[in-house]
Colleague: 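Structure provided below as structure tokens; questions to follow.
In the text below, chain A, chain B and the rest are named by the order of the sequence lines, each starting its count at 1.
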Amino acid sequence: MASYNLKVNGKSVNINVDDDTPLLWVLRDELNLVGTKFGCGIAQCGACTVHLDGVAVRSCSLPVSSLEGANITTIEGLAKDELHPVQEAWKELDVPQCGYCQAGQMMTASSFLKDNPNPSNEDIRNAMNGNLCRCASYNRIEKAVALAAKKMS
Amino acid sequence: MENQNKITFSRRSFIRTSALASGGILIGFNFFTSCKEAAVPPVDVSQLNFNDFNAFIKIADNGYVTIFSPNPEIGQGVKTSMPMIIAEELDVPWEHVSVEQGALDTNNFTRQVAGGSQSIRFGWNALRETGATAKQMLVNAAAAKWGIEASSCSASNGVITSPTGETLGYGDVVNDAAQLEVPENVTLKATKDYKIIGKDAVNVDIDKIITGEPLFGLDYKAEGMKYVSVMRPPAFGQKVSSFDDTNAKSINGVSDVVQFGDKIAVLASNTWAAMKGKKALDVQWTNDGTLESTADHDKKLNAILDGNQLDIRREDGNVKKAFAEADQVLERTYESPFLPHNCMEPMNFYANVTADKVHLVGPIQTPAGTARRIANLIDRDEKDIHLEMTRMGGGFGRRLYGDFALEAAEISNITKQAVKVVFSREDDMAAGIYRPAIKYRIAASLKDGKVTGYHLKEAAINNNMYGLIPHFFPAGAIDNYKVETGNYRSNITTGAWRAPYTNFLAYAEQSFFDELAELLEVDAVQLRLDLLKNVKDGQDPDIQYSAKRMTDTIKLAAEKSNWGKTREGVYQGFAAYYSHNTHVAEVVDITLKNGYPSVEKVTVAVDCGIVVNPTGAKNQVEGGVIDGIGHAMYGDFSFDKGKPQDVNFNTYRLIRMRETPTVHTYFVENDLSPTGLGEPGLPPAGGALANAIKAATGQLLLKQPFMSVLKKYEANLKV
Ligand code: FES
Ligand code: FES
């Protein structure tokens, strides 16, 4: 067990966990931020996607020992005062089916749009390819990313 | 076809009301059953009792309505669409309605199951009658206040209007209404007057989903609970012979290791420690039966198809004679592998077994049956069992089986601790209840340019097609027709998987029809339309598809897809199928990239009766179609000596966004009762895709997944 300091959704937190504990389980079990989901544990599905210093990463495969002092944003912190444009687009287009994968989808999309404000459909499909949706809500995800881009411009 | 306004329930026997202590009225009602004679809804909503009623409507004295939705949500949208039906007949603005999932207690539920795409179909009448009855009570209360005949008043958008134009809001009369008798006769709205049904309503949980609030089973926590990882036999046909838990117990956070049956549970203070503890177990396994491999199944299923031990499930005319007299016979064998469900949320369940109560929480499609099995398993009275359902991160049939809930209850019963069993993805894929491997052999006889005989044999693992499936199209369309089934009992656990049996049967038959059309030199769509002309609707009670509805659906798909008129380089494939009371036709458009098929577009026509919530309905259709395409292309799952060969997404391939076509959905417009949508979009997709690939490449696809054949082309893509 060791003590780690992280900044999560703008707040400093201190936790005591084994050094190989993935960020995913720190968030879910220790910090009670259960919006970040577990899907595969091996960086294949994207359900656990969060932002590390603004960049989308797979929290299931990031041991906490590599994160001392890191700045993490989860789905719970994506909206600032208002919903993030990605969240708005997701709502407007009624994207979710079961909803389980959608936090990860939105975290991938929001990080992608920051660097690519005017994506083509091709860009969107490539950017979102790493996030599985077993309900196959892919058509709406694609449209929602495009809509969010429009909202942000 | 049933009359929309037929009265099928006696309202007095399924609706009761009470005045709420805080003001307003609470209406308790039951789907499909009568409530208990003495049942009375509580006067305090926090005391909702789901034993006597399985659903409630609260109308507050400000006119706002809360509907406590009775059905579990696996993503098929019933938590939104069912309340829409009540709100329509109650005639309140949808914005004034909120929906909550009841903290469900299961003792009295009859059909509190999400599966089989049937929630809407069964709820349609009861929900409309309940809404209409509630509205009538409010009108009666207003009329009494005004001292006039209720029949002279009207109600709309939460406001009651007298003949002289006076108005009262629903909220103004709820307290009076609570004192009135439940009216016996109500009129339902005409379809043309619908204001909520048929309009898009966004999923009622949307705000919680997009902000990451706890909703799912995996998100549930209770003070002091232990997280549990379970070691199960790595192969079907094995059991524990001995184990050493020294290393597991030395892991920080691991508190207990217990064996139950052939499984070993590791309890820990967090999920990661439980998972690590499981990996650190040193277990010796011994064989406890045959260790079966996919190659064995292949042989067994072929032997069934070649043998004569099959059960006849439907037989018309004389198939033998038709084949003997044929000009030409076509015979094909189609095969599909086992498939895991792979719900995005892995299986999990919470259990706390104490002296006075058994508390269970989690994602489950069959709460009532599971509660009963748990009572049996741990030898408790059924009334001690309190099972709460959470939202489910996908179901696809997997959560019909309560194995994971039973595990949690058993572990809690042994350890006397509150526990939450969490499957890893590997656990989820390796301890599955799989779609069984199946083979179909289909033969048809052709004479004088017509299909004269049709003979289908099914060889499947553990079980066979059920219910009315042997009577689906083309039953009724071909004079000499025979369906036979046989099975091989395996120790690999199998069960329902989205659109059971038809998910593969439709592909086999619809690919077969494409070849028949070629032999007969008719257009593939025309062949279906011609065959449907032989069917007389309503003549055979076993034949539930409608030739008329199917014909209209097929024509709509052909029209919207520009069937036969696409631009150069686009190849089309067609399939149509009736399942779960819904008629669906699909056209897949593909192009070739270096010889490899790229699925561009799917045009879908659906007749599901009245579409309650179009946005939700389209979501279901899109999901079903892409799911069908994904699994037909990539779903591959095999066993070697009882051991699943793929247990995570690094080697088990699911469809991803880049491979996903755009789905265009069109609904046949009519005012018939709504039918299911969670499943029927899936079955035709694989067949339509196979037919498009055949049109483009000439390649026959007799085996799923198609990648087993197409891999060589995919390699081209990368160069
Ligand atoms: S859980 Fe992290 S990528 Fe799947
Ligand atoms: S919405 Fe169910 S997994 Fe994506």
Side-chain angles (χ1 to χ4, degrees), chain A residues 1 17-18 20-22 24-26 28-30 32-45 47 74-76 78-79 83 86-88 90-103 106 124-142, chain B residues 73-77 200 202-203 205-207 209-216 218-219 221 227 251-253 269-273 275-276 342-346 391-396 422 424-426 615-616 619-620 622-627 630 648-650 654-658 660 662-663:
Chain A
M1 293 270 254
V17 290
D18 271 4
D20 61 350
T21 308
L24 169 66
W25 299 113
V26 172
R28 291 188 56 89
D29 293 353
E30 308 299 322
N32 235 345
L33 293 168
V34 295
T36 305
K37 299 301 192 226
F38 167 59
C40 68
I42 57 164
Q44 293 289 319
C45 76
T74 69
I75 186 69
E76 290 92 341
L78 184 63
L83 288 180
V86 161
Q87 290 168 309
E88 280 174 17
W90 247 248
K91 179 171 179 171
E92 215 168 300
L93 297 181
D94 194 24
V95 173
Q97 290 185 34
C98 81
Y100 191 80
C101 71
Q102 301 294 349
M106 287 183 281
I124 294 174
R125 288 166 77 88
N126 286 333
M128 301 306 294
N129 203 55
N131 285 67
L132 285 172
C133 173
R134 177 64 183 82
C135 301
S137 63
Y138 295 123
N139 279 189
R140 291 196 185 186
I141 293 171
E142 189 179 337
Chain B
E73 181 65 86
I74 44 177
Q76 64 319 36
D200 288 344
V202 170
N203 181 343
D205 281 334
I206 189 77
D207 289 324
I209 293 171
I210 59 175
T211 55
E213 280 188 41
L215 275 176
F216 297 92
L218 201 75
D219 305 342
K221 285 185 185 182
Y227 295 84
I251 285 166
N252 258 330
S269 56
N270 63 75
T271 317
W272 182 242
M275 289 178 168
K276 273 208 301 188
N342 273 323
C343 300
M344 211 66 223
E345 178 191 14
R391 190 177 179 90
M392 297 176 233
F396 313 108
V422 178
S424 66
R425 177 57 55 191
E426 290 80 2
T615 173
N619 228 350
Q620 288 304 297
E622 285 165 17
V625 168
I626 298 169
D627 190 0
N648 208 328
F649 300 133
N650 51 343
L654 285 173
I655 193 166
R656 291 178 180 268
M657 186 175 280
R658 268 206 298 256
T660 297
T662 317
V663 180

Colleague: Does any heavy atom of chain B fall under 4.5 Å from the side chain of Leu78(A), the backbone, both, or neither of them?
Modeller: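 Interface part for Leu78(A): neither.
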
Colleague: Does some side-chain heavy atom of Val202(B) sit less than 4.5 Å from a side-chain heavy atom of Glu92(A)?
Modeller: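 Not in contact.
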
Colleague: Which answer fits Met106(A), side chain, backbone, both or neither, if we ask what part of it has an atom under 4.5 Å from a heavy atom of chain B?
Modeller: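 For Met106(A), the contact with chain B is made by the side chain alone.
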
Colleague: Which bit of Leu33(A) is near chain B, if near means a heavy-atom gap under 4.5 Å: side chain, backbone, both or neither?
Modeller: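 The answer is neither part of Leu33(A).
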
Colleague: Using side-chain heavy atoms (C-beta onward) and a distance below 4.5 Å, is Trp272(B) in contact with Asp29(A)?
Modeller: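 No, their side chains stay 4.5 Å or more apart.
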
Colleague: Of the backbone (N, CA, C, O) and the side chain (C-beta and beyond), which part of Val26(A) lies under 4.5 Å from a heavy atom of chain B, both, or neither?
Modeller: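 Interface part for Val26(A): neither.
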
Colleague: Would you name the heavy atoms of Gly394(B) and Cys98(A) that are closest together and state the gap between them?
Modeller: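 Smallest heavy-atom distance, with atoms named: N-CB, 3.3 Å.
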
Colleague: Let me know if Asp207(B) has heavy atoms under 4.5 Å from chain A in its side chain, its backbone, both or neither.
Modeller: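 Looking at Asp207(B), just its side chain touches chain A.
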
Colleague: Heavy-atom distance under 4.5 Å to chain B: side chain of Glu142(A), backbone, both or neither?
Modeller: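 Contact with chain B involves both backbone and side-chain atoms of Glu142(A).
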
Colleague: Verify side-chain contact (heavy atoms from CB on, under 4.5 Å) between Ile210(B) and Val86(A), making sure each step is shown before the conclusion.
Modeller: CA-CA 9 Å; Ile210(B) 59 175; Val86(A) 161; over 6 Å; no

Colleague: Indicate yes or no: at least one non-hydrogen side-chain atom of Leu218(B) is less than 4.5 angstrom from one of Val34(A).
Modeller: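 No - every pair of side-chain heavy atoms lies 4.5 Å or more apart.
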
Colleague: So which of Ile209(B), Asp200(B), Asp219(B), Asn252(B) has the largest heavy-atom pair count under 4.5 angstrom toward chain A?
Modeller: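 Option with the top pair count is Asp219(B).
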
Colleague: Check the pair Thr271(B), Arg28(A) against side-chain contact (heavy atoms from CB on, under 4.5 Å), reporting the backbone distance first and the verdict last.
Modeller: CA-CA 9 Å; Thr271(B) 317; Arg28(A) 291 188 56 89; over 6 Å; no

Colleague: So do Arg425(B) and Ile42(A) actually touch side chain to side chain, heavy atoms under 4.5 Å?
Modeller: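 The answer is no; the side chains never approach within 4.5 Å.
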
Colleague: With a 4.5 angstrom heavy-atom cut-off, which part of Lys37(A) approaches chain B: side chain, backbone, both or neither?
Modeller: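 When you check distances to chain B, only side chain atoms of Lys37(A) fall under 4.5 Å.
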
Colleague: So which part of Ile206(B) gets closer than 4.5 Å to some heavy atom of chain A, the side chain, the backbone, both or neither?
Modeller: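 Only the side chain of Ile206(B) comes within 4.5 Å of chain A.
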
Colleague: Run the side-chain contact (heavy atoms from CB on, under 4.5 Å) test on Cys45(A) and Met344(B) for me, step by step, so that the C-alpha distance in whole Å, both residues' side-chain angles and the decisive distance to 0.1 Å come before the verdict.
Modeller: CA-CA 9 Å; Cys45(A) 76; Met344(B) 211 66 223; 3.6 Å; yes

Colleague: Indicate yes or no for a side-chain donor-acceptor contact from Asn619(B) to the backbone of Asp94(A) under 3.5 Å, with no hydrogens or angles considered.
Modeller: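 Yes; at least one donor-acceptor contact below 3.5 Å.
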
Colleague: So for Asn32(A), is it side chain, backbone, both, or neither that comes closer than 4.5 Å to the heavy atoms of chain B?
Modeller: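 Both parts, heavy atoms under 4.5 Å.
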
Colleague: Would you mind checking which part of Phe649(B) comes under 4.5 Å of any heavy atom in chain A, side chain (CB onward), backbone (N, CA, C, O), both or neither?
Modeller: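 When you check distances to chain A, atoms from both the backbone and side chain of Phe649(B) fall under 4.5 Å.
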
Colleague: Does some side-chain heavy atom of Ile626(B) sit less than 4.5 Å from a side-chain heavy atom of Tyr138(A)?
Modeller: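 Counting from C-beta outward, Tyr138(A) and Ile626(B) do come under 4.5 Å.
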
Colleague: If the condition is side chain to side chain donor-acceptor pair (under 3.5 Å), which residues does Glu426(B) pass it with, not counting sequence neighbours?
Modeller: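 Once residues adjacent in sequence are excluded, the partners of Glu426(B) under the side chain to side chain donor-acceptor pair (under 3.5 Å) criterion are Ser424(B), Asn648(B).
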
Colleague: For each of Thr21(A), Leu132(A), Val95(A), tally heavy-atom pairs with chain B at distances under 4.5 Å, and name the one with the top tally.
Modeller: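 If we count pairs closer than 4.5 Å to chain B, Leu132(A) comes out on top.
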
Colleague: Against chain A, work out which of Asn650(B), Leu654(B), Val625(B) has the most heavy-atom pairs shorter than 4.5 Å and name it.
Modeller: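 Option with the top pair count is Asn650(B).
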
Colleague: Just by modelled atom types, is the Arg125(A) backbone N or O under 3.5 Å from a matching donor or acceptor in the Arg658(B) side chain?
Modeller: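 Side chain of Arg658(B) to backbone of Arg125(A), a donor-acceptor pair under 3.5 Å: no, none is there.
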
Colleague: At a heavy-atom distance under 4.5 Å, which candidate from Asn270(B), Thr211(B), Thr662(B) has the highest pair count against chain A?
Modeller: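 Of the options given, most contacts go to Thr211(B).
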
Colleague: Identify which part of Asp18(A) has an atom lying under 4.5 Å from any heavy atom of chain B, answering side chain, backbone, both or neither.
Modeller: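 Asp18(A) touches chain B through side-chain heavy atoms alone.
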
